[in-house]
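In what follows, a structure is listed as structure tokens, so that the remarks can point back to it.
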Amino acid sequence: VKIELVDIQDGRIEWRDAGEKRVFEEVDLWIVALGADGPFEARGAFHLDGKAWALDADLGRLSRTQLPVNVVLAAGDDVSLKIAGTVALDADPVAVAGQTEVRLIRLGDLARLTGHQTLPAALHDMPLRFDAGVSASSQLVHLNDLAIELGESNVTGSVLVTIGDAPAAELSLAVNRLDLDALLPLFASTGEGSESAGSDAPWPDTLLVDADLLVEAAIFRGEPVRYVQLSAGLEEGVWTLEQANALLPGGTSVAASGAVTAEDGQATFRGPVEVISDNLRGTLAWLGEPMQEIADERLRRLDFSGDVVASLDVLAVTSLDLSLDSSRLTGGVAAKLEEVPTITAEFRLDQINLDAYLPAVASEREEGEPSGALPLSLPALSPWLERANVDLELHIQALTYNGVSVSSLVADGSVLNGVLDLNTLGAADVAGAAMRTSGTIDPVAETVSLQIGLQAPDAGGVLRLAGIDLPIDPAELGAVELA
């Protein structure tokens with residue numbers, strides 16, 4: 001039997017897959033064979049989802065070891081797909097090499113064609129252009145000279161994927177602009193219900209990955225995060241993060257390295273992190289934090305370094321060294337992120353002027369009004385103590401609050417199930433006074449058991465620290481001693 005020509009006119013094709021049905025209507029297809037083994041030519045047109053498509057394809061002789069293939073599929077000026085290359089029939093396995101071009105006036109046309117209608121509105125009308133040299137077989141896929149344009153974003157580089165018992169991927173990509181504000185809603189909508197169950201690792205132990213990524217500007221919260229660099233590798237189930245850098249709005253640089261492992265089915269990062277900023281206010285404002293009530297000269301300089309452990313359930317920082325403006329904090333903190341968090345922290349702070357960071361409410365009070373200090377009561381204290389379980393040891397060399405200088409402040413205690421247990425809370429000098437407090441406060445049981453020691457030449461400094469105004473000069477009360 002010899003077939004030289006196939007001519008289909010006004011046909012109809014139904015394609016069913018996993019409950020989905022696609023209907024190709026008004027199908028016109030003309031296929032001609034110029035010989036028993038080719039070459040073959042195909043020309044045709046059809047309608048799909050109300051859009052007219054045209055097909056133009058050529059196939060070389062089947063008897064040749066190198067089989068030329070050229071395919072053009074287009075829907076007017078809106079969509080076009082071009083494939084030009086060869087099929088190596090003598091290779092084992094059979095391999096394909098060539099050039100692929102895709103043009104879309106609107107990305108939404110591709111979503112409609114593939115049946116995925118979950119694109120965010122910001123992506124729906126973006127134009128797409130894809131160009132790549134392609135080499136593929138049943139064992140690997142290689143995209144070289146890759147160039148992708150999506151809206152104002154441009155991606156170049158190469159991707160090599162090896163398929164088999166030991167799958168591997170090598171990626172080297174450079175991006176001029178990445179609009180995360182438009183892309184993140186897409187990942188959020190497609191990631192629902194995809195969390196790992198049980199103790200399964202979020203990636204296979206047999207997968208090998210070598211990735212290098214450079215993003216000149218990643219748009220997030222309407223501002224560019226610049227010079228995002230990522231260099232990482234995956235081997236035997238462990239990600240090695242060689243380099244991760246970014247420059248945040250406000251001039252804040254972030255750098256990290258370390259390892260990411262799968263523990264109890266969750267990704268856990270361990271490694272050093274550094275954050276340096278000359279304009280922390282700008283970065284905090286970008287993140288939506290109000291800055292109006294804090295003095296302009298504050299929250300400017302930040303220098304942070306520490307060894308970090310982070311997962312969805314745990315956050316810990318050891319070897320912490322934080323400089324903020326003129327203050328320096330050292331120590332460590334560990335938190336278990338549950339419905340009621342558990343926090344353990346040990347800090348040492350050289351100096352801080354809290355008045356410079358707190359709202360200046362005192363100047364706004366009318367005569368006779370109480371100061372801005374909050375009244376203490378057990379019912380008011382209870383919700384604060386129930387927010388977290390805390391074990392804290394804090395040493396502050398010098399502190400200024402409400403105009404009062406405090407030196408050698410020590411706070412050592414814990415909060416457990418809403419009960420405050422103070423080992424010690426005191427200072428060597430509070431405006432000339434020495435103070436020490438210990439004991440227990442249980443708002444639920446409505447019990448307070450405190451041991452308080454106080455020695456001062458007069459009560460003025462202590463009263464100012466507590467936000468209490470007396471109608472007389474506190475110095476007239478003379479020396480104070482309380483035990």
Side-chain angles (χ1 to χ4, degrees), residues 122 152-153 174-185 187-188 213-232 241-258 260 267 269-312 314-335 337 341 343 345 347 349-360:
E152 298 180 7
S153 300
V175 185
N176 70 329
R177 185 180 186 273
L178 188 64
D179 192 344
L180 293 178
D181 289 335
L183 293 174
L184 289 179
F187 288 103
L213 174 66
L214 171 63
V215 181
E216 294 182 12
I219 309 303
F220 183 61
R221 296 181 63 91
E223 296 289 339
V225 178
R226 299 191 180 277
Y227 310 118
V228 180
Q229 292 181 292
L230 176 65
S231 180
L241 191 62
E242 298 177 1
Q243 181 184 40
N245 301 332
L247 182 61
L248 307 182
T252 299
S253 64
V254 180
S257 60
V260 179
F269 167 79
R270 285 182 171 83
V273 176
E274 295 183 359
V275 181
I276 300 175
S277 180
D278 291 322
N279 182 20
L280 181 61
R281 294 179 68 92
T283 302
L284 293 175
W286 164 65
L287 293 173
E289 296 297 329
M291 297 286 105
Q292 297 87 343
E293 295 183 336
I294 300 177
D296 290 341
E297 68 273 11
R298 298 294 173 173
L299 295 180
R300 290 293 182 182
R301 175 70 183 177
L302 172 73
D303 195 337
F304 165 87
S305 65
D307 295 327
V308 176
V309 177
S311 69
L312 292 177
V314 174
L315 177 62
V317 183
T318 57
S319 303
L320 182 151
D321 193 338
L322 170 66
S323 295
L324 176 62
D325 297 330
S326 59
S327 302
R328 184 184 181 191
L329 179 73
T330 58
V333 58
L337 308 178
I343 304 170
F347 295 129
L349 180 62
D350 60 351
Q351 61 175 354
I352 188 168
N353 181 1
L354 289 180
D355 293 339
Y357 296 93
L358 298 176

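Residue indices begin at 1 and follow the sequence shown. These values consider heavy atoms only, across backbone and side chains, with no hydrogens, waters or symmetry-generated copies.
Atom CG of residue Asn353 and atom CG of residue Leu358 lie 9.0 Å apart, to the nearest 0.5 angstrom. Between the OG atom in Ser231 and the CG atom in Leu214 there is a gap of 11.0 Å [rounded to 0.5 Å]. To the nearest 0.5 Å, the span separating CG on Leu324 from OG on Ser277 amounts to 10.0 Å.
At most 12 heavy atoms of other shown residues, nucleotides or ligands fall within 6.0 angstrom of atom CD in Glu152. Annotation for Arg328: atom CZ does not count as buried by contact number, only 12 or fewer foreign heavy atoms lying within 6.0 Å.
No option in Thr252, Ile294, Leu299 other than Leu299 meets the side chain to side chain contact (heavy atoms under 4.5 Å, CB included) test with Leu284.
Side-chain atoms of Leu322 and Phe347, non-hydrogen and from C-beta on, never get closer than 4.5 Å to each other. With contacts defined as side-chain heavy-atom distances shorter than 4.5 Å, the pair Arg300/Asn279 qualifies. A heavy-atom distance below 4.5 Å is found between the side chains of Leu329 and Leu320. Side-chain contact between Leu213 and Val228 is absent, with no heavy atoms from C-beta onward closer than 4.5 Å.
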Please walk me through it: do Asp303 and Ile276 pass side chain to side chain contact (heavy atoms under 4.5 Å, CB included)?
CA-CA 5 Å; Asp303 195 337; Ile276 300 175; 3.9 Å; yes
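Judged by distance alone, with hydrogens and angles left aside, the side-chain atoms of Arg281 form a donor-acceptor pair with the main-chain N or O of Arg298 at under 3.5 Å. Using a distance-only test at 3.5 Å, with no hydrogens or angles considered, a donor-acceptor pair links the side chain of Asp325 to the main chain of Arg301. Although no hydrogens or angles enter the test, the distance criterion places no donor-acceptor pair under 3.5 Å between the side chain of Gln229 and the main chain of Gln243. With hydrogens and angles disregarded, a donor-acceptor distance shorter than 3.5 Å links the side chain of Ser153 to the backbone of Arg177. Judged purely by atom type and a 3.5 angstrom limit, Ser327 uses its side chain to pair as donor or acceptor with the backbone of Gln351. Distance alone, capped at 3.5 Å, is enough to place a donor-acceptor pair between the Asp181 side chain and the Arg221 backbone.
Considering all non-hydrogen atoms of both residues, Thr283 and Pro249 come closest at OG1-O, 2.6 Å.
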